[in-house]
Chemist: 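Below you will find the structure I want to go over with you.
Counting from 1, the numbers follow the sequence of the chain as shown.
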Amino acid sequence: AVPWGGTSLFQKVAQAALPPFTVLLARVVLAAAALGVTLVATGHRLPAPGRAWLAFATMATLNNVIPFSLILWGQTRIASGLAAILNACVPLFTAVLAHFLTPDERLTPRRVAGVLLGLAGVVWMIGPSSLRGLGADVLAHLAVLAAGISYAFAGIYGRRFAGTSPLVTATGQVTATAVLTLPLALAV
């Protein structure tokens, strides 16, 4: 909970000294290394190059490269608490997109109420005062919301990994993210 929940704060602190794509690269390289060690220790293996790696790269783009980049950029302009609240819209976006993109995830009033209640809970936990910056930098807000939409697409796309070890999927995805992010970090 601490590493995941504190991500927005840690990213904001790291960005005081490093460019956003460098922060992103450091984050995913550490994750890929930890997952790689776990993968080897548990006797799992990554698939050979091929279609699986194209799927990992697509998932990495939707679930990591796009949203991490947009959130990191957005956090250069808005407070981390507000970024966390805006990012908490992901379940709402996922529910709406899944309604239109999947045959078995219909949007019901109960689901909408549940998602809105969860979003209200996030605002309450982080603190309603975090909403004070809302509207000040619309482009940064839209970037963080777009990150949430990308996460929603990733959640739907990720259904194709059913039957694959979650450890293999996570390791492949984060490794692909590191490879895709390296040129971005070097360019800045």
Chemist: Between C89 and L145, what is the shortest heavy-atom contact and its length?
Modeler: SG-CD2, 4.1 Å
Chemist: Could you tell me which non-hydrogen atom of V90 sits nearest to which non-hydrogen atom of G148, and how far apart they are?
Modeler: CG2-CA, 3.5 Å
Chemist: Considering only heavy atoms from C-beta outward, does the side chain of V96 approach that of F93 to under 4.5 Å?
Modeler: no
Chemist: Determine whether R111 and H99 make a side-chain contact, defined as any pair of heavy atoms from C-beta on separated by less than 4.5 Å.
Modeler: no
Chemist: Looking only at atom types and distance, does a side-chain atom of W53 sit under 3.5 Å from a main-chain N or O of P47, one as donor and one as acceptor?
Modeler: yes
Chemist: How close do V115 and P91 get, heavy atom to heavy atom, and via which atoms?
Modeler: CG1-C, 3.8 Å
Chemist: May I have the list of side-chain donor-acceptor pairs in residues 153-167 shorter than 3.5 Å, sequence neighbours left out?
Modeler:
from	atom 1	to	atom 2	distance (Å)
R159	NH1	D104	OD1	3.2
R159	NH2	D104	OD1	2.9
R159	NH2	D104	OD2	2.8
R160	NE	Y157	O	3.4
T164	OG1	F161	O	3.4
S165	OG	L167	N	3.2
S165	OG	V168	N	3.4

Chemist: Is the shortest heavy-atom distance from the side chain of H141 to the side chain of L86 under 4.5 Å?
Modeler: yes
Chemist: Hey, does Y151 have a side-chain heavy atom less than 4.5 Å from the side chain of N87?
Modeler: yes
Chemist: So do F68 and V28 actually touch side chain to side chain, heavy atoms under 4.5 Å?
Modeler: yes
Chemist: Hey, any chance L70 and I85 share a hydrophobic cluster, counting ILVMFWY side chains that come within less than 4.5 Å of each other, even indirectly?
Modeler: no
Chemist: Apply the test side chain to side chain contact (heavy atoms under 4.5 Å, CB included) to residues S150 and N63: give CA-CA distance (whole Å), side-chain angles for both, the deciding distance (0.1 Å), then the verdict.
Modeler: CA-CA 7 Å; S150 187; N63 202 43; over 6 Å; no
Chemist: Evaluate the side-chain proximity of W73 to L139: yes if any heavy-atom separation is below 4.5 Å, no if none is.
Modeler: yes
Chemist: Any side-chain heavy-atom pair from T171 and F56 closer than 4.5 angstrom?
Modeler: no
Chemist: Can you run down the salt bridge (Lys or Arg N to Asp or Glu O under 4.0 Å) pairs that involve residues 176-186, sequence neighbours left out, and say none if there aren't any?
Modeler: none
Chemist: Compile the donor-acceptor pairs under 3.5 Å between side chains in residues 177-188 and protein atoms, sequence neighbours left out, one pair per line.
Modeler:
from	atom 1	to	atom 2	distance (Å)
T177	OG1	N64	ND2	2.7
T177	OG1	Q173	O	2.8
T181	OG1	T177	O	2.6

